[in-house]
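These notes are about the structure you will find just below.
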Number of protein chains: 2
Amino acid sequence: MNYKNHVTRLSQYKSVLQRLVKSGIEKTYAESISKHIGIPATQIRKDFSLFGIRGNKRGGYNVLELLEELKVNLGLNRDLPFILIGYGNLGKALARYHGFHEGCVRIIAAFDPKVGVLSSIPPIPVYPPASISAFLKDNPVKHAVLAVPDDVAQSMVDELYAEGIRGFINFSAIALNIPEDAYVNNVDLELELETVVYYTKEAENKEDKEVKKLV
Amino acid sequence: MNYKNHVTRLSQYKSVLQRLVKSGIEKTYAESISKHIGIPATQIRKDFSLFGIRGNKRGGYNVLELLEELKVNLGLNRDLPFILIGYGNLGKALARYHGFHEGCVRIIAAFDPKVGVLSSIPPIPVYPPASISAFLKDNPVKHAVLAVPDDVAQSMVDELYAEGIRGFINFSAIALNIPEDAYVNNVDLELELETVVYYTKEAENKEDKEVKKLV
DNA sequence: ATAATTATGTGACAATAATCACGACAATCT
DNA sequence: AGATTGTCGTGATTATTGTCACATAATTAT
Ligand SMILES: NC(=O)c1ccc[n+]([C@@H]2O[C@H](COP(=O)([O-])OP(=O)(O)OC[C@H]3O[C@@H](n4cnc5c(N)ncnc54)[C@H](O)[C@@H]3O)[C@@H](O)[C@H]2O)c1
Ligand SMILES: NC(=O)c1ccc[n+]([C@@H]2O[C@H](COP(=O)([O-])OP(=O)(O)OC[C@H]3O[C@@H](n4cnc5c(N)ncnc54)[C@H](O)[C@@H]3O)[C@@H](O)[C@H]2O)c1
């Protein structure tokens, strides 16, 4: 199966652990985490091993401790403000999402030219893009979510990089050029829908083949 | 680097090709596709080779033909209606996104209990969940986007599977159980933001190391 | 005490994926 | 026509990733 990569998996583990904490569970096991997310227990242990996370022989893992170690390894054990560029369809959805507040990630402000003046009506304040520079001088943010139209994405990255942003989540479909010391995560939602079509077709074909075999 | 997998890449190639078509470009080369998305040209050729896509020796690829072949291989050369379950923050964003209409993927209806009666005001009609079954009897849809709260996701999958849906895009954070002949693509947006934090930290550390080396 | 049980942790192995090196061959040039 | 160039296509090679088997430690049972 496709478990993506070790960092993604670490984040998935963290997500499960957060839910365990919420339900008041104190101890867990590789095997039971596996049941939650469908990643083999041995893979989970291997990942932990890789990151130097250790449990108790025969005793599994203390939920709170494990969660803390996962956070440390992911760099999520600190305040993590994000800014949001583009308060359109997708930007609004992200801004209004309350799940983030339970995690470590917080969107603290959005920027969109549609807003003439600064406004604090939505869950987060929305400012005109011209004020990004000033905002970042007061708020040491390192991460930005780009939910702007494809054709302005690159120029926004350039500007944001110049202002000190080093981590980007890019929802536009175009590839962005950035310096070595920054990181972009491209999230292409259209692609996410399309690949499902492929794999669904695959499943169909497999069935066909099996049917053929039986004949 | 992390180019995800061959299917994802195929979809990326398709996306570039669509843009080339729009700009009226007729011929392209592995090397120029590479420039657009940052995937090495040899990887691109290897992928094409794997899927039996062939170009012209020294002549590159005919854009329209290549696009068509990519679509065929991805299973996107046909009508691909999706239904959307959950018309909340994220559901609305997806429903209102116009990029889909230019591609092959179309969301034709949404279902949400907040709508008491059927309504056609938004870009797509939104119906109460009780009418899913009836709707699918009239419309042979195979794919669904799940943008519902975490705690109802599994029960919706069960219901949708029973009604014939075989491909799912799941935006909730919990893993879904499905039969072998169906496919779920989990898209966890919180995780997408979090992993950026990790990689940004990595870049920082790398810098630190280099600084150390110089000292 | 000793044995049995149940997890963890990790090195060895297997599978998968990416890169490289180079041959084939069509187009263009001389 | 023959040489040259540019691009493709792919087998061989290397790197990455996942799986497995089993040694190890803690706990429980006898
Ligand atoms: N909405 C979706 O479901 C969806 C799906 C796939 C991809 N995407 C991609 O996500 C991105 C955003 O999509 P959307 O649907 O939210 O688009 P949208 O048009 O609704 O929103 C874009 C927003 O960006 C703002 N904007 C424009 N220039 C700006 C600038 N320089 N600085 C700050 N803000 C600026 C616009 O005013 C607008 O509000 C696009 O690249 C789109 O291709 C969206
Ligand atoms: N919005 C985001 O940015 C974001 C980010 C990360 C994850 N998510 C995840 O995406 C999912 C949706 O998030 P959201 O922000 O859109 O939530 P939301 O609460 O705004 O929307 C959920 C919608 O689902 C509807 N719903 C409830 N039960 C239903 C049912 N049985 N059938 C059909 N519809 C039903 C609700 O009426 C609501 O409109 C959640 O699982 C959330 O964790 C969202």
Side-chain angles (χ1 to χ4, degrees), chain A residues 1-13 16-17 20 25-70 73 175 186 191 195 198-199 202 206, chain B residues 1-13 16-17 20 25-70 73 175 186 195 198-199 202:
Chain A
M1 253 317 128
N2 170 24
Y3 320 126
K4 315 209 168 163
N5 68 50
H6 55 132
V7 179
T8 316
R9 286 195 302 264
L10 228 54
S11 187
Q12 287 183 267
Y13 305 149
V16 172
L17 268 282
L20 294 181
I25 292 163
E26 286 174 11
K27 239 170 55 166
T28 191
Y29 306 89
E31 201 58 61
S32 66
I33 298 174
S34 171
K35 291 235 175 65
H36 276 94
I37 43 179
I39 293 171
T42 74
Q43 175 79 75
I44 296 175
R45 287 198 223 103
K46 196 75 197 267
D47 287 336
F48 288 176
S49 169
L50 189 69
F51 284 91
I53 295 173
R54 358 207 57 241
N56 313 303
K57 280 276 161 75
R58 207 193 156 164
Y61 304 86
N62 175 298
V63 168
L64 283 174
E65 277 170 31
L66 178 54
L67 177 56
E68 188 54 28
E69 294 208 73
L70 289 170
N73 276 290
N186 296 299
L191 186 150
T195 52
Y198 177 87
Y199 287 111
E202 282 272 284
K206 243 188 241 161
Chain B
M1 257 315 127
N2 169 22
Y3 319 127
K4 315 212 167 162
N5 68 50
H6 55 131
V7 179
T8 316
R9 286 196 302 264
L10 227 55
S11 187
Q12 286 183 267
Y13 305 149
V16 172
L17 267 283
L20 294 181
I25 291 164
E26 286 173 11
K27 241 171 51 167
T28 191
Y29 305 88
E31 202 56 61
S32 66
I33 297 174
S34 172
K35 291 235 175 65
H36 276 94
I37 43 179
I39 294 171
T42 75
Q43 176 78 76
I44 296 174
R45 285 198 224 102
K46 196 76 200 264
D47 286 336
F48 288 177
S49 168
L50 190 68
F51 284 92
I53 295 173
R54 358 206 59 243
N56 312 303
K57 283 279 162 74
R58 208 195 154 151
Y61 303 85
N62 175 298
V63 168
L64 284 173
E65 277 170 30
L66 178 53
L67 177 56
E68 187 54 29
E69 294 206 76
L70 290 169
N73 275 290
N186 296 298
T195 52
Y198 178 87
Y199 288 112
E202 282 272 284

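Order of the sequence lines sets the chain letters (A, B, ...), proteins ahead of strands, with each chain counted from 1.
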Nearest whole angstrom, please: distance from the [atom2] of [N] to the [atom1] of [X].
{"X": "B/Asn5", "N": "D/dG18", "atom1": "CG", "atom2": "P", "answer": "12 Å"}
{"X": "A/Tyr29", "N": "C/dT6", "atom1": "OH", "atom2": "C1'", "answer": "9 Å"}
{"X": "A/Ile44", "N": "C/dG9", "atom1": "CD1", "atom2": "C1'", "answer": "14 Å"}
{"X": "B/Ile39", "N": "C/dC20", "atom1": "CD1", "atom2": "C1'", "answer": "18 Å"}
{"X": "A/Asn62", "N": "D/dA26", "atom1": "CG", "atom2": "C1'", "answer": "16 Å"}

Q | A/Tyr13 to A/Ile39 - nearest heavy-atom pair and separation | A |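 What the structure gives for the nearest pair is OH-CG2, 3.8 Å.
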
Just N and O in the side chain of [X]: are any of them under 4.0 Å from OP1 or OP2 of [N]?
{"X": "A/Tyr61", "N": "C/dG9", "answer": "yes"}
{"X": "B/Arg45", "N": "D/dC8", "answer": "yes"}
{"X": "A/Gln43", "N": "D/dT17", "answer": "no"}
{"X": "A/Arg9", "N": "D/dG18", "answer": "yes"}

Working to the nearest 0.5 Å, report the span between [atom1] of [X] and [atom2] of [Y].
{"X": "B/Arg9", "Y": "B/Asp47", "atom1": "CZ", "atom2": "CG", "result": "4.0 Å"}
{"X": "A/Lys46", "Y": "A/Leu50", "atom1": "NZ", "atom2": "CG", "result": "8.0 Å"}
{"X": "B/Glu69", "Y": "B/Phe51", "atom1": "CD", "atom2": "CZ", "result": "12.0 Å"}
{"X": "B/Ser34", "Y": "B/Gln43", "atom1": "OG", "atom2": "CD", "result": "10.0 Å"}

Q.
Let's see if you can work this out: which of D/dC8, D/dT10, C/dT10 has an atom nearest to the side-chain heavy atoms of B/Lys46?
A.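 Of the options given, the side chain of B/Lys46 lies nearest D/dT10.
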
Q.
Please check: side-chain N/O of A/Ser11 versus main-chain N/O of A/Thr8, any donor-acceptor pairing under 3.5 Å?
A.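 No: the side chain of A/Ser11 does not pair with the backbone of A/Thr8.
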
Q: With a 4.0 Å heavy-atom cut-off, tell me which residues in residues 47-60 of chain A come close to DNA chain D, sorted by residue number.
A: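 Result for residues 47-60 of chain A: A/Lys57, A/Arg58, sorted by number.
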
Q: Evaluate the side-chain proximity of B/His36 to B/Leu20: yes if any heavy-atom separation is below 4.5 Å, no if none is.
A: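 Yes. Closest side-chain heavy atoms under 4.5 Å.
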
Q: Using a heavy-atom cut-off of under 4.0 Å over every strand shown, decide if A/Ala41 touches base, sugar-phosphate, or nothing.
A: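 Answer is nothing: A/Ala41 stays at 4.0 Å or more from every strand.
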
